[in-house]
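I have placed the structure first, in the form of structure tokens, so that the comments after it can refer back to it.
Counting starts at 1 for both ligands and their atoms, following the listed order. Computed from heavy atoms alone, side chains included, the values below leave out hydrogens, waters and symmetry copies.
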Amino acid sequence: MKVLVATEKPFAKVAVDGIRKEIEAAGYELALLEKYTDKAQLLEAVKDANAIIIRSDIIDAEVLDAAKELKIVVRAGAGYDNVDLDAATAHGVCVMNTPGQNSNAVAELALGLLVYAVRNFYNGTSGTELMGKKLGIHAYGNVGRNVARVAKGFGMEIYAYDAFCPKEVIEKDGVKAVGSAEELYKTCNIVSLHIPATAETKNSINYALLKDMPKGAILLNTARKEVINEDELIKLMEDRPDFKYITDIMPAANAKFAELFAGRYFSTPKKMGAQTAEANINAGIAAAAQIVGFLKDGCEKFRVNKK
Ligand code: NAD
């Protein structure tokens with residue numbers, strides 16, 4: 001069996017070493033395609049691969065057509081909107097992600113960005129504190145739960161809304177579960193986004209939802225840029241000079257945000273939430289272990305596409 005690691009932005013060496021150890025211990029061969037610059041290189045490399053580990057790499061129908069021996073693709077990370085799930089199902093390929101492996105990294109970054117925002121981007125002026133403020137967690141998944149855990153240490157009052165997670169699961173963590181996204185945004189000074197980018201969530205963070213946030217509101221996005229309706233967020237920030245937008249995922253209209261909203265808009269230069277040595281290693285090794293479990297025992301835990 002041949003396992004290909006196809007990463008335009010490579011894993012750290014220590015992660016590749018860990019992946020190799022897992023794969024070779026199972027008696028499989030590891031192939032590496034790192035820092036490729038052209039899709040043709042990926043199409044060539046996948047030809048004889050039985051399994052592929054990727055990061056933000058795009059796996060579309062063309063790649064799946066070229067990968068005649070492929071059984072499984074694992075996205076080392078949480079979001080898997082870079083894989084064409086329907087095409088994978090049509091090709092009989094299992095797609096998995098590695099949930100939870102980078103959640104602490106994203107949560108720490110989220111709170112770091114919040115401190116930066118409430119202290120006016122460290123510009124020397126007096127800011128505010130997070131203690132006692134109402135933090136809304138929009139989606140109580142792996143990252144959302146870690147954000148709640150870290151925010152508790154800051155003394156924040158924490159609320160959450162998740163369309164699928166039962167209220168009891170949220171409340172057992174000492175977090176107040178609310179019944180709708182609208183209620184969350186109305187209630188909280190700060191909302192931290194942790195929804196995945198799906199057909200339902202794309203463009204769903206819009207003017208109507210944000211307009212009722214309390215004065216001095218902050219929207220924090222470490223999820224995906226696609227969930228934001230950028231035109232409506234720009235309109236809202238024009239109408240509300242008290243509103244701040246802080247993100248780890250640069251908007252398509254970054255230049256416009258930066259020009260119009262200096263002092264109340266910040267984006268990391270590139271997505272950095274999961275960029276820690278620990279998350280890199282954890283997600284890569286988990287991906288390798290999931291491939292071995294699937295190929296040896298047919299384990300499909302963490303499968304994200306239909307059969
Ligand atoms: P997760 O799958 O553990 O949690 C997602 C949660 O969203 C689930 O609890 C689910 O019930 C909920 N949900 C789905 N659709 C919803 C909807 N319409 N309304 C409300 N809740 C909904 O994922 P995670 O590990 O917590 O990651 C969350 C997202 O963060 C990922 O999808 C990814 O896009 C993003 N992410 C970004 C970085 C980064 O580097 N900034 C790193 C990891 C994850």
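Polar contact with ligand 1: absent for N102 (N/O pair, distance under 3.5 Å). An N or O contact shorter than 3.5 Å links R224 to ligand 1 by distance. Close N/O approach between H138 and ligand 1 is not found [any backbone or side-chain N/O within under 3.5 Å]. Below 3.5 Å of separation, one finds no N or O of Y161 facing any N or O of ligand 1. Between I249 and ligand 1, no N or O atom pair is found at a separation short of 3.5 Å. Ligand 1 has no N or O atom lying under 3.5 Å from any N or O atom of P99, backbone or side chain.
When only non-hydrogen protein atoms are considered, atom 42 (C) of ligand 1 lies nearest to V106 CG2, 3.2 Å. Nearest protein heavy-atom neighbour of atom 9 (O) of ligand 1: D162 OD2, 2.6 Å. Of the protein's non-hydrogen atoms, A274 N, 3.3 Å is the one closest to atom 40 (O) of ligand 1. Among protein heavy atoms, atom 4 (O) of ligand 1 sits closest to G141 CA, 3.3 Å. With respect to atom 5 (C) of ligand 1, the closest heavy atom belonging to the protein is H194 O, 3.9 Å. Nearest protein heavy-atom contact of atom 25 (O) of ligand 1 is A78 CB, 3.4 Å. The nearest heavy-atom contact from the protein to atom 14 (C) of ligand 1 is P196 CD, 3.5 Å. With respect to atom 19 (N) of ligand 1, the closest heavy atom belonging to the protein is A163 CB, 3.5 Å.
For atom 30 (O) of ligand 1, the nearest non-hydrogen atom from the set A223, A279, S56 comes from A223. Comparing Y140, Y80, F164 against atom 16 (C) of ligand 1, the shortest heavy-atom distance belongs to F164. The heavy atom nearest to atom 36 (N) of ligand 1, out of those in T222, V143, T247, is found in T222.
In terms of heavy-atom proximity, A160 sits nearest to Y140 at CB-CD1, 3.8 Å. In this structure, A15 and I281 approach most closely via the heavy-atom pair CB-CA, 3.8 Å.
Shown are V147, L130, I218; of these, the side-chain contact (heavy atoms from CB on, under 4.5 Å) with L135 is made only by V147.
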For a salt bridge (Lys or Arg N to Asp or Glu O under 4.0 Å) check, start with the C-alpha distance between D81 and K202, then their side-chain angles and the critical distance, and finish with the verdict. CA-CA 11 Å; D81 42 327; K202 280 182 187 166; over 6 Å; no

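Under 4.0 Å from ligand 1, heavy atoms of N142 appear from its side chain as well as its backbone.
For residues 87-133, every residue pair satisfying the ring-ring contact (aromatic ring centres under 6.0 Å, His included) rule, not counting sequence neighbours, is listed here: Y116-F121, Y116-Y122, Y116-F266.
Classified by interplanar angle (parallel below 30°, tilted 30° to 60°, perpendicular above 60°), the ring pair Y185/H138 is perpendicular.
Within a 6.0 Å radius of NZ in K296, other residues, nucleotides and ligands contribute more than 12 heavy atoms. Crowding of M250 atom CE: a count of heavy atoms from other residues, nucleotides or ligands under 6.0 Å exceeding 12. Within a 6.0 Å radius of CG in D86, other residues, nucleotides and ligands contribute 12 heavy atoms or fewer.
Side-chain N or O atoms of R20 include none that pairs as donor or acceptor with a backbone N or O of E24 at under 3.5 Å.
Remark: atom 2 (O) of ligand 1 lies closer than 4.0 Å to no protein heavy atom.
Ligand-side atoms of ligand 1 in range of E200: 18 (N), range being under 4.0 angstrom from any heavy atom. Heavy-atom contacts of A139 reach the following atoms of ligand 1: 6 (C), 7 (O), 12 (C), 21 (N) (cutoff under 4.0 Å).
Cluster annotation: V63 is connected to L85 through the hydrophobic network of ILVMFWY side chains, with a link wherever side-chain heavy atoms come within less than 4.5 Å.
For K307, the salt bridge (charged side-chain N to carboxylate O under 4.0 Å, His left out) criterion is met by E300, not counting sequence neighbours.
A donor atom on one side chain and an acceptor atom on the other are found under 3.5 Å apart for Y245 and N221.
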